[in-house]
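Hydrogens, waters and symmetry mates are skipped; everything else that's a heavy atom, side chains included, is used. Letters go in sequence order (proteins before strands), and every chain restarts at 1.
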Amino acid sequence: MSETRTRLVELLRNCVQCGLCLPHCATYLASGNEVLSPRGRLILLNEVLAGSEQAPESYLAAFDQCIGCRACESVCPSGVSYDLLAHGQHLAARRRDTAAGQRPVPAVPEPVLRRLDSVDFLRLVGGAGATARSLCRTTLGDGWRRRLAGGPKPVAQLSRLLGSLPTSPQRDADLVKLIDRLLAGAGTGTAPAARAAARAAEPIADRRPLQFFAGCANAGLLAGSSRRLVAVLTAAGFEVQFPADQDCCGALAAHTGRPGRAADLQRRNRGAFALADTAGAVPIVVEAAGCTLELQSYGREFAERVVDAVTLLAEAVRPALRPVPLKVALHDPCHARHGLGVVTAPRQLLSAIPGLTWCEATEQEVCCGSGGAWGLRYPEMSADLARRKAADLAATGADLVVTANPGCLGQIADGLALEAPGVPILPLTDLWWYAARLDKK
Amino acid sequence: MSGRPATGNKSGINGAAAALVDGLRAVLGPSGLMTDPAAALVYAHDASHLELGRPLAVALPATVAELRRVMSLCAAMRVPVVTRGSGTGLSGGAVPADGSVVLGTGRLQALGTVDRRRGRIQAAAGVLNERVSTVTRAAGFHFAPDPSSQSAATIGGNIATNAGGPHCLRHGVTLHHLGRLSWIDSQGVQHDTGHGTAGERGLDLRSLLCGSEGTLGVIVGAELELVPNPRALVTLLAFFPELDDATGAVVELLGEGLLPVAVEMVDQGMLRAVEEAFAFGFPTDVAVAMIVEFAGSEDAVDEDGRRAGALLDAAGAREVRRAEDAAERSALWLCRKKAFGAVGRLAPSYVTMDVVVPLGHLPGLVREIQVIKRRHGVEIATAFHAGDGNLHPGIHYDDRDPDASRRAHAAADEIIGAALARGGSSTGEHGVGIEKLHALPWQLDAVTARLHRDIKRACDPADLLNPGKAVPGAEARYADLKPVPPELTFQWDSLSVTAPAGCRLSAIQDAAMAHGLWLPLGVPGRGREPGLAHDPTVAELLDHLAVGPSLLGTGTPRDYLLESWAETGGGEVFHSGVPVFKNVAGYALHHMLCGSGGVFVRHLAATFQLRPRPEQVLLLRLSPGAGEPAVPDAFWQWLAARRGRLAAPQVIAAADGSLLLLVAGRDRPWDLGGVAGELTELLGPPAWRVKLLAAVPFATAATLLSSGELPAWSLGASDWTALAPLAGADFLPAAPLPTGFIRQGRPDRLWVPQQVPAAAGWQADPVISAGLVSGLPAPAPGVPRELLGRLKQIFDPHRQLPTPSWLAEVVSDE
Ligand SMILES: Cc1cc2nc3c(=O)[nH]c(=O)nc-3n(C[C@H](O)[C@H](O)[C@H](O)COP(=O)(O)OP(=O)(O)OC[C@H]3O[C@@H](n4cnc5c(N)ncnc54)[C@H](O)[C@@H]3O)c2cc1C
Ligand code: SF4
Ligand code: SF4
C-alpha cells in the first residue's frame, strides 16, 4: 500500500457513516441522490482504496461532481477530512485528462473556460456582458432573465451565462442610488435623516501598510467594488499598496487540470509581493475568499501574510457608520466559511451597522453551486442550486443580499432574478462603504 | 468506516429484471432511476454498518404518483422493495438484499403551511425532521420528536421507526405527534389511516404503520402535530462522581413531580471521548455528566431549575452548572450531541445499543452493565436518554480481532437480556431492522409473534415490502406470555399503573392523585359528582377511548398506553408493549387495538403512564361587551400555544354568549395567577371582560359543577352529544362558537348538550356521548376496509366478537 493510500484508509476510519453530512451537501440537495453525497462518495472511495484504484466510471463521475465546497468537512461530527474527497476528485481529474468522451459537456468551451483567469479577457467579457444585459433590459424589460429562461434551450443557457456573470455598480453614484432606493422601498424613510445624523470619522495619524491582491475576477468584472474596498481600507487606517506584476492566484488553473500554469502564476505572485515587501511582513489583503484560500496554499511564510478583507475590516478601526435600516441576508462563500473558517467576521460587520437587521437563511452552510469552473462544467445542477440558494435567502424576507466572492455574487444574482426579482445582491464591502459614508468623502 | 470486500452486482440482470428496470426508467426518467455500480454500492449501506447485498436498482420518485407506479411495477414483477429515507437508521432497516429495488423518498419534499389554530402541518415523507421545526418557528411551533439525527433524518423514516429523541421525555415520541398518514400498500394503491383526529375510534392503522420499518406500507405523507415553542428554558449540567447517585437522582427528580423536557446523561467513557475530540473543558474524572432542561414560563422554569438543582446537589452531584443564556445552553448540549460522532474516534468498530427499561430499573440495569463489561473485558461508553429509561451503551472493539468481535456481541446480547429481565425492551428508538431480529423472540410471546406474521401477510401477501426485517420468524422459541395482572398495581418509581380490565378510572385517579400524579384523562373526582355518574372501566377506555368529557384537553387513553393484554376472538391471550413509553420492538399491536371497539379483541389489562398532576384549576368567564364582538384570533392562538397532552385549557361556550375557560396548573402565582391578566390584555375591555370565577384544588375540580358556576352539562351530564368533525372540517367553527358548545383543548371533538343541533360539518358520535359503549363507527373514507376485514379475520376468525355491518361486508369467511 502506498503511503498516501495508508494515510487515506486511516482517515476513512473516522467516518461512522451517520449521514449527518447529507443535508449540507449541495450536490445531494440538488439531486436527492446519495451517490452525490459526502457519505456516498466516501463509501465509493472506501472500495477504491481497498481495491486496485481502477474505479468504475460511475464512481469517478460521483467524485467529479463534488464541488469541493468542504461543507461536509465543517459539519461532520467525526472530523472526517476533506482530503479524502480531494483524492476522489484527483482520481476523476486524472481520468478526465486521459479518457476522452466521458467528459460532461461544459456550458462554455474548455478553451474559453481556461482563459477566465486573465483580467484583460474578463474585462472584455464583463463589458460585452454589460452591453448584452442592458440590451436585454431595454428590449424585454426588467424581467428579461425570467422571460429568456422560459425560452428555447440555447437561449435559456445563454441567458443563464449572462445572468450569472458577476457584476456590481461600476460608478459609486449608482451604488448609492441602488441602496437609497432600497431604503425608500423598505418604507423606513430614515435614510436622509440618518445621513444627517452620522458623524465624521476622526483623521488617522499612523497608517499601517497593506498590500492589495486584486484577483482577476474582481479586477476584471467588479472593478468598482475593488476601488471602493480600497477606499474602505484607507478609511480604516491602512496605507494600501498595489504591487505591480501580480497575477491570477492560480485557483482556476489548478481546478482545470493545468498544474503547470498554476505553478507559474504562483511564482509570479511570490515575486511581485516579495519585491514590494521590503519592510518585513506586510499583510496581503485579498478581496475574494477563493483567492485567499489559494494564496494560503503558497507555503507557510506567504500564507501567514494573507488576510481576508472581511476579517481585516472586522478587526480594524470602525469608521462612524450611518444607519442603514434594511433587512440584509448574508451568504457565506464556501471558501470563506468552510475553507478559511470565516464565520463571525462578516456578522460582526453587519451587526455594527446601526438600524440594519441581518438574517440567517436556513441553508446557510450549503454551497450556492457556483464553484468556479465546476458551475460551468455542470451547468444544470449549478442552475438548480442558484435558484435554491436564492429562494432560501429570499425566504428570510431580506431587502438585500450580501456576499464576499465574485462567483457567488453572480450565481446568486442569477438565482434572485428568477426567484425573487427586486432583491439585489452586493459585495458586503460595498454595503460597508455605503454605511461608512465614503460617498461623502 | 471499515473495509469490506465488495460483492458487486455481478449476477447480471436477467430478462425479467431488465424489463422491470426499463419499466421503472420509463416512469422515473434517467435521473430518477439508477442501476450503476456506484448507486448499487452506496445504497447497500446505511448508518448501521450492516450489509445484505446489492440492489438491482435505486428508484427516486419525484412525486407520489411516480412512487405508486414504482410500487405497482415491482409488485407485478414480484421484486422486493426497500423504502429508504436518509439512511440514518442504526439497525439496518434500509439496507437492501441482492436484487431488490431501493425506493428513496428524498425527492418528496412538499411541506405545507402551518395551520396555526390546530398547530398542524402537512409534510411529505422526504422532508427532513429539522426543516419542519425551522419552517414552523416563526409561527411559534416546533416538531417535538428530535432524534439526534434530526438534521438528516426524514419524516418518513421517523414515522417508520417511531423515532424518539432527548426531548421526548415531556412530549412523547413520533407516534404522539401524528395526525392522518397517507400511505401506499404493497400493490401500489394509496390509502389514508383515518380522519387523523385525536379521539378517533377504530383499529388505528396509524399506530400500526408507525414503527413498522417499511414492512407494511410506504408512508408518503403525514399530518404532523406541532408543539408550541416554550417561552423560556432553563438548562442544568450536573457532574456526579458516582454512577449510582446519578441514576438514583433521575428517578427521584421525576418522582418529585418535576417534569423536565429532557434528562440526558453521558458516562465517563463517553465524556472522555468527547473531551478528547472537542476539548469542551469538562471534568473527566467524574462518572456521569447530566443535562436537565425545563421549558415553560420564565418564572416557572426558574423555580423548577432551582428545585432540581438542590435535588441534584443533595443526591451527590459534585457540581451543578446552570446555563445563563442561549449560547451557554447550546454549549452544554453540544457535549451530548457530539457524543455519537466522537464514538468514531474511540475504536475502529462499535455496537450502538438501544435498550430501555422502566425508569425505576435504570440504576439496576446500569449496575449490571458494569458487571457485563468486566466479565467480557470490553470497553463500553454510554449515552442515556435517562429520563426515558433509554440508554445507548456503545461497545467498542477492533473488528480486525475476531475474539474482540465475539466478546463485543456476546456482551451486547447479555445487556439486552438484562434489560428484558427488568421488564424493558431491546430497542427504544432504533428499531429491530436486521440487527435485533435475533433478540425479538426473547421479548415476544408466541401468539404475539404469530399475529405479527399474520398482519405482515395481510398487508403484504407476497412479502415484497422490506422482507426479512423487523418481523419475527416462525421457527424461533418465543418468550412465555407475561402473566395477566390480576389487580391494580402502581409502579411509583417508574410512574406507571397496571390495571385489569374491570378496574374503574376513578380507582386509578384517586390513588394517583394522592401521590401527586394522575392519568391525564377525564375529570378527577368523577363518580362522586352527580353529573359525572359514568366512571369508565379500563376495558372501556381501551375499547372505546370512552373517557367522556374531560376537564382539560389531555389526549386519549392511547397516548398513555404502554402495554396491554388481550384475548383474540378465539380465546388466545397475548401481550403487546412494555411498561415504558419508548419501545420499537415489533408492531405496536396495543396502540393499534386501542379504540377498536371490542370488535377485534377483548382487552384484559393494561399499563398506563402517569404524569404529574396539576395542583389547581381556575374557572374564568370571558364576557363579551356590547355588540357581540367576535373572539379575536389572538385568543385562539393563546389557546393553541397551551396545547399539549398534559393539561390544555378547555373552552366552554355558555348559553348567554360568554365563554367559560378552565385552566389548570401549579399552585403558583406565575403558573395561574397571571392568566386572568394575560387574557385581559389579549381580549381587551370593553370588548371582552375577564373574570376569575373560581380557583379550586385540582383533585376536587368536579365540585365546580355543584358550585353552580359551571353549567351542569359542561362536564358531561348524561344528555351529552359529542360531535366529531367530518372529513375536511376544521375543528374550530368560525368564532364566535355556536351557543352551548364545549370544545376540548385538543382538537378532536366538540361537546354539546343534546338539544343543541349539530353544526354543519360535524357529526354526532352517540357512543362516546352517552358514555355508553358499543359498536364501532365506519372508518373514514380512504381507510382500506378490505384490510380491516383481513385483520378482523386474524383476530377474530370465527366472529365471536361483535361485527359491525360495514365490517361484515368485507370479511371473507375462510
Ligand atoms: C447520529 C445518529 C443519531 C441518532 N439518534 C437517534 C435518536 O435520538 N432517536 C432515534 O429514534 N433514532 C436515532 N437515530 C436513528 C435514525 O436516525 C432514526 O431511526 C431515523 O428515524 C431514521 O430516518 P431515515 O430517514 O434516515 O430512515 P432510514 O434509515 O432511511 O430508514 C429507517 C427505516 O425506516 C424505513 N422507512 C424509511 N422511510 C420510510 C417511508 N417513507 N415509509 C416506510 N418506511 C420507511 C426503512 O425501510 C427502514 O426500515 C440516530 C441515527 C444516527 C446516525
Ligand atoms: S463524513 Fe462525517 S458526517 Fe458524513 S457520514 Fe461520515 S462521519 Fe457522518
Ligand atoms: S465538498 Fe461539497 S460537494 Fe463535495 S461532498 Fe462535500 S459537501 Fe458535497
Exercise. Is the CD atom of A:Q348 crowded by more than 12 outside heavy atoms at less than 6.0 Å?
Worked result: yes
Exercise. Most heavy-atom pairs under 4.5 angstrom with chain B, which of A:G32, A:G19, A:S78?
Worked result: A:S78
Exercise. If every non-hydrogen atom of A:L44 is compared with every non-hydrogen atom of B:L41, which pair is closest and at what distance?
Worked result: CD2-CD2, 3.7 Å
Seminar exercise, completed: To the nearest 0.5 Å, atom CZ of B:R131 lies from atom CD of A:E363 at 8.0 Å
Problem set entry | Shortest non-hydrogen contact from A:R39 toward B:D46 | NH1-C, 4.1 Å
Exercise. Do A:N33 and B:Y43 have side-chain heavy atoms sitting under 4.5 Å apart?
Worked result: yes
For this session: Give the minimum heavy-atom separation between B:L128 and A:P23, together with the two atoms involved.
Result: CD1-CB, 3.5 Å
Exercise. Does A:V16 offer a backbone N or O that forms a donor-acceptor pair with the side chain of B:H49 under 3.5 Å?
Worked result: yes
Seminar exercise, completed: Across all chains, not counting sequence neighbours, the side chain to side chain contact (heavy atoms under 4.5 Å, CB included) partners of B:R137 are B:T134, B:N229
Problem set entry | Other residues, nucleotides, ligands: >12 heavy atoms within 6.0 Å of A:E360 CD | yes
Seminar exercise, completed: Distance col, row A:L20:CG vs B:S151:OG, nearest 0.5 angstrom, shows 5.0 Å
Exercise. Does a sphere of radius 6.0 Å around CD in B:E379 hold more than 12 heavy atoms from other residues, nucleotides or ligands, not counting ones at 6.0 Å or beyond?
Worked result: no
Exercise. Between atom CZ of A:R13 and atom OG of B:S349, what is the distance when rounded to the nearest 0.5 Å?
Worked result: 6.5 Å
Problem set entry | Contact summary for A:L22 and B:S86, nearest pair of heavy atoms | CD2-O, 3.8 Å
Exercise. With a 4.5 Å heavy-atom cut-off, do A:C18 and B:T88 have their side chains touching?
Worked result: no
For this session: Examine distances only and state if a side-chain atom of B:R107 and a backbone atom of A:S31 form a donor-acceptor pair shorter than 3.5 Å.
Result: yes
For this session: Identify which part of B:R84 has an atom lying under 4.5 Å from any heavy atom of chain A, answering side chain, backbone, both or neither.
Result: side chain
